[in-house]
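Since the structure comes first, as structure tokens, the remarks are kept for the end.
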Amino acid sequence: MTKTSQSPSAASLLAWYDRHHRDLPWRVSPPMAARGVTPDPYHIWLSEVMLQQTTVPAVKAYFAKFLERWPTVGDLSAAPTDDVMAAWAGLGYYARARNLKKCAEAVAADHGGRFPDTEDGLRALPGIGDYTAAAVAAIAFNRQAAVMDGNVERVISRLYAISTPLPAGKPLMKQKVALLTPADRPGDFAQAMMDLGATICTPKRPVCSLCPFNNACVALALHDPEHFPVKAAKKDKPVRQGAAFVAVNGEGEIYLRRRIASGLLGGMTEVPTTGWTARIDGETGTDAAPFPADWQAAGTVTHVFTHFELRLSIYRAQVASGSNRNDGWWEPVTNLEAQALPTVMKKAITQAIPRAFIKASA
DNA sequence: TATGCGTGGTC
DNA sequence: TGACCAAGCAT
């Protein structure tokens with residue numbers, strides 16, 4: 001029978017973290033904490049929301065931009081929602097931006113501008129779920145909260161060789177995390193678990209030789225850490241198609257409109273498009289074009305969303321300056337960077353106007 | 001509990 | 001190179 005030599009302990013992980021923690025813009029590292037620096041709950045919350053299903057490298061620039069523009073949660077609460085959406089453009093999962101703004105408003109209006117300092121209090125705010133509530137409570141407020149994200153699920157499932165597939169196995173994993181979470185330095189413990197999952201206990205080819213839990217890990221003792229976590233089978237991704245219309249007038253302006261506030265790309269800016277359907281019969285035509293014009297086929301764009309692949313036929317037209325419709329507006333092509341354009345729309349515009357997002361050089 | 005919701009990086 | 005994946009939330 002395969003055995004491990006000892007039980008995992010928070011102390012061994014924290015000792016590892018003290019040596020190997022990463023310096024991140026929103027993080028108060030152990031050396032900083034030793035100098036008396038304390039985490040700013042606004043910074044912790046903002047980073048945690050941005051990091052939901054999003055990589056650290058992608059978040060860094062957005063985090064800096066948001067802090068420069070809105071230094072406090074009060075500043076963010078007072079910002080126009082359109083400005084927040086435009087600043088979030090490109091980061092994805094745009095409901096996060098809508099809820100970010102709502103959450104800031106709630107903190108300003110209902111909590112005197114200070115974040116609640118308990119897991120339950122945080123959990124009640126828009127855009128804050130189980131993970132983020134626990135993470136902010138632990139990291140910003142030193143609460144003994146069990147923090148479990150995808151990294152922690154991987155670490156725990158391997159440490160205890162939990163074979164129950166996700167998401168069904170989540171409650172058991174959460175229980176294990178809670179038992180392991182220390183009263184002292186719970187925030188560092190949470191960050192250490194996530195760092196461990198991100199750098200050592202990786203999905204492929206984990207570096208078990210460097211892991212502080214390698215003498216306690218059951219999956220390693222079984223010689224099969226990559227087998228965990230077990231996940232439910234995924235569904236296949238359907239293909240949808242549609243057409244997008246890029247109209248440019250004599251003033252060098254492009255016709256844009258706002259998507260409805262909910263659902264896919266909710267509240268974001270778009271060029272006019274047809275519906276995106278599962279049909280593959282090629283009937284995307286120009287019937288749905290915003291203006292009668294000499295629409296020219298300008299190629300296609302493919303974009304992969306979480307649950308479907310979209311193939312857009314791009315049409316371009318030069319139209320008279322007087323052309324108008326009441327569902328959108330004309331925007332100078334030179335000002336597109338300031339718009340709340342999701343990546344798929346930037347792709348569509350670039351297909352029609354290759355230089356649209358190239359900054360004019362001096 | 002299952003589904004809808006973006007994007008970019010990795011191998 | 002396409003499949004997988006990343007500090008999840010709302011409904």
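Computed from a prediction, not measured in an experiment: that's the story for all the values here. Numbers restart at 1 for each chain; the letters A, B, ... are given by sequence-line order, proteins then strands.
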Requested in this report: Assign the ring pair W330(A) / F291(A) to parallel, tilted or perpendicular, where the plane angle (0 to 90°) is split at 30° and 60°.
Outcome: parallel
Query raised in the report: Is there a donor in the side chain of R27(A) and an acceptor in the side chain of Q191(A), or the other way round, less than 3.5 Å apart?
Result: yes
Query - Integer-rounded Å distance: dC5(C) P and L166(A) CG - result: 11 Å
Query - ring-ring contact (aromatic ring centres under 6.0 Å, His included) against F308(A), all qualifying residues, sequence neighbours excluded - result: F305(A)
Query raised in the report: Between R158(A) and D224(A), is there a salt bridge with N-O shorter than 4.0 Å?
Result: no
Query raised in the report: So, N249(A) side chain and G252(A) main chain: donor-acceptor pair closer than 3.5 Å or not?
Result: yes
Requested in this report: Answer with base, sugar-phosphate or nothing: what part of the nucleic acid does T132(A) contact at a heavy-atom distance below 4.0 Å?
Outcome: sugar-phosphate
Query raised in the report: Separation of K234(A) atom NZ from dC5(C) atom C1', in whole Å?
Result: 8 Å
**Report entry** For DNA chain C, the residues among residues 25-32 of chain A that have a non-hydrogen atom under 4.0 Å from it
**Finding:** W26(A), R27(A)
Query raised in the report: Given atom CD of E153(A) and atom C1' of dC5(C), what is their separation to the nearest angstrom?
Result: 13 Å
Query - Electrostatic pair D83(A)-K101(A), nearest N-O below 4.0 angstrom - result: no
Query raised in the report: Any luck finding a side-chain donor-acceptor pair between Y42(A) and D75(A) under 3.5 Å?
Result: no
Query raised in the report: Base, sugar-phosphate, or nothing: which does R154(A) touch, judged by heavy atoms less than 4.0 Å apart?
Result: sugar-phosphate
Report task. Write down the distance between CG (L100(A)) and P (dG8(C)), rounded to a whole number of angstrom. Result -> 16 Å
Query raised in the report: What residue among R259(A), R257(A), R258(A) forms salt bridge (charged side-chain N to carboxylate O under 4.0 Å, His left out) with D327(A)?
Result: R257(A)
Query raised in the report: Which part of the nucleic acid, if any, lies within reach of K204(A) when heavy atoms closer than 4.0 Å are counted: base, sugar-phosphate only, or nothing?
Result: nothing
Query - P-based separation of dG8(B) from dC9(C) [nearest Å] - result: 22 Å
Report task. For L51(A) and for P126(A), find the nucleotide of DNA chain C with the closest heavy atom, then tell me which residue's nucleotide is more 5'. Result -> L51(A)
Query - Sequence-aligned protein contact record of nucleotides 3-10 of chain B, with B where the base is within under 4.0 Å of a protein heavy atom and S where only the sugar-phosphate is - result: SSBBBS--
Report summary line: Heavy-atom nearest nucleotide on DNA chain C taken for R22(A) and for I128(A); more 5' hit belongs to R22(A)
Report task. Look at all strands and tell whether L310(A) reaches a base, only sugar-phosphate, or nothing, counting heavy atoms closer than 4.0 Å. Result -> nothing
Query raised in the report: Roughly how many Å is it from CG in L196(A) to C1' in dA6(C), rounded to a whole number?
Result: 16 Å
Requested in this report: Tell me yes or no: between the side chains of Y255(A) and E331(A), is some donor less than 3.5 Å from an acceptor?
Outcome: no
Query raised in the report: What is the nucleic acid contact for P167(A), judged by heavy atoms within less than 4.0 Å: base, sugar-phosphate only, or nothing?
Result: nothing
